[in-house]
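Take a look at the structure set out below.
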Amino acid sequence: MSEKIKNTTCFIRSRLNILPRRYFTDSSEGTAENGGRPAPEVGIVLGSGLGALAEMIDVISTLDYSEIPDFPTSTVAGHRGRFIYGRLGGKYVIAMEGRVHYYEGYPIDEVVLPVRAMCCLGIDTLIVSNAAGGLCPLFEAGDVMVIRDHINLIPNPLVGPNPEELGVRFPDMGEAYDRKLITLAHEVARAQGIVLREGVYVGSSGPSFETPAEVRYFRRIGGDAIGMSTTPEVIVARHQRVRVLGFSLITNVLSGVPARLCGGAELTHEEVIEAGKRAMPGLCALVREIITRL
Ligand code: HPA
């Protein structure tokens, strides 16, 4: 796998014409003299319905996932598949417009390959976003939650031989989400008049939504929001000692009561995408200002 991470990183780097930084810097391609561009400082994963942030990036170059050899491409509606390299908030950034999920059937090390590659391109900070169902009874559809911590119920992407050159065998997860960045997120949200919730994200494999009993269970074990992505990506980023900031967009609330008993309707993927679109502008403005202040 390590070889695949290296090959993928070098391919992306040469196609986006980015200078090597920190990892795999022995390659001959890319020097400032032959026009190579600075390595990105910030990586961004644009989750369901958060595509609008991509429109705020001053694009320098893009690369479709389908052009990268043996690279996973998403099968889910609402997920595009490409890297965008450019400037946002005065920083060089690389964004994943679309991600793949474990429920699509990819092995977990392929699910995290795009984030692995961004970390190997030299990012210091990873900003992840997702659509999630609200478990905390105080949350409403349209809320934005900064992730304080997570519970990973998707297979751990570090299982298997450890790529020693990337990180240690047993990485600490005591502060998977950077406390200083969370504080910054609250400061910016306050200044922008955005209500920012904070809580624990549960990463579940999906693709079925939760039963009422599961909703009650996930609440009891400490979850505030639940979704089908993010946690494996955060684990590999922390393995590579990249600091992480995460946001969940609460697209629907989970009551823990069967819909039939509380007059609720069936939950659909379309509803999740629509709610994501409505709450998008606030989150995009928030993330841009946070990047400016990094
Ligand atoms: N459950 C799991 N994942 C989700 C949900 C949900 O209710 N909403 C958006 N992603």
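Whatever order the structure lists ligands and atoms in, that order sets their numbers, starting from 1. Because the structure is predicted, anything quoted here is derived from the model rather than measured.
- Residues Y201 and V128 have side chains not in contact (no heavy-atom distance under 4.5 Å, counting atoms from C-beta outward).
- P38 is listed as a side-chain neighbour of Y85, based on a closest heavy-atom distance under 4.5 Å.
- Residue A132 touches ligand 1 through its backbone alone, judged by heavy-atom distances below 4.0 Å.
- Residue contact check: T251 has heavy atoms under 4.0 Å from atoms 8 (N), 9 (C) of ligand 1.
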Quiz item: Does the salt bridge (charged side-chain N to carboxylate O under 4.0 Å, His left out) test come out yes or no for E187 and K180, once each step is laid out?
Solution: CA-CA 11 Å; E187 280 168 19; K180 286 202 187 100; over 6 Å; no
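- Annotation: cation-pi pair R82/Y65 absent, no NZ/CZ under 6.0 Å from the ring centroid and within 45° of its normal.
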Practice problem: Starting from the C-alpha separation in whole Å, work towards a yes-or-no answer on side-chain hydrogen bond (donor to acceptor under 3.5 Å, both in side chains) for N130 and T230. | Solution: CA-CA 7 Å; N130 56 56; T230 305; 2.9 Å; yes
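- With a heavy-atom cut-off of 4.0 Å, L254 touches ligand 1 through its side chain alone.
- Numbered from 1 in the order shown, with element, the atoms of ligand 1 that lie under 4.0 Å from a heavy atom of M228 read 2 (C), 3 (N).
- Numbered from 1 in the order shown, with element, the atoms of ligand 1 that lie under 4.0 Å from a heavy atom of E210 read 1 (N), 2 (C), 6 (C), 7 (O).
- Which parts of ligand 1 touch N252 is read off a 4.0 Å heavy-atom cut-off, strictly below it: atoms 5 (C), 6 (C), 7 (O), 8 (N), 9 (C).
- In the candidate list N130, I226, V202, I226 is nearest to atom 4 (C) of ligand 1, counting heavy atoms.
- For ligand 1, the atoms lying closer than 4.0 Å to a non-hydrogen atom of G133 are 4 (C), 5 (C), 6 (C), 7 (O), 8 (N), 9 (C).
- Atoms of ligand 1 lying under 4.0 Å from any heavy atom of A131, numbered from 1 in the order shown and given with element: 9 (C), 10 (N).
- Among L153, V202, I154, N156, the one residue that satisfies the side-chain contact (heavy atoms from CB on, under 4.5 Å) test with T231 is I154.
- V59 is connected to L88 through a chain of hydrophobic side-chain contacts under 4.5 Å among Ile, Leu, Val, Met, Phe, Trp and Tyr, so both are in one cluster.
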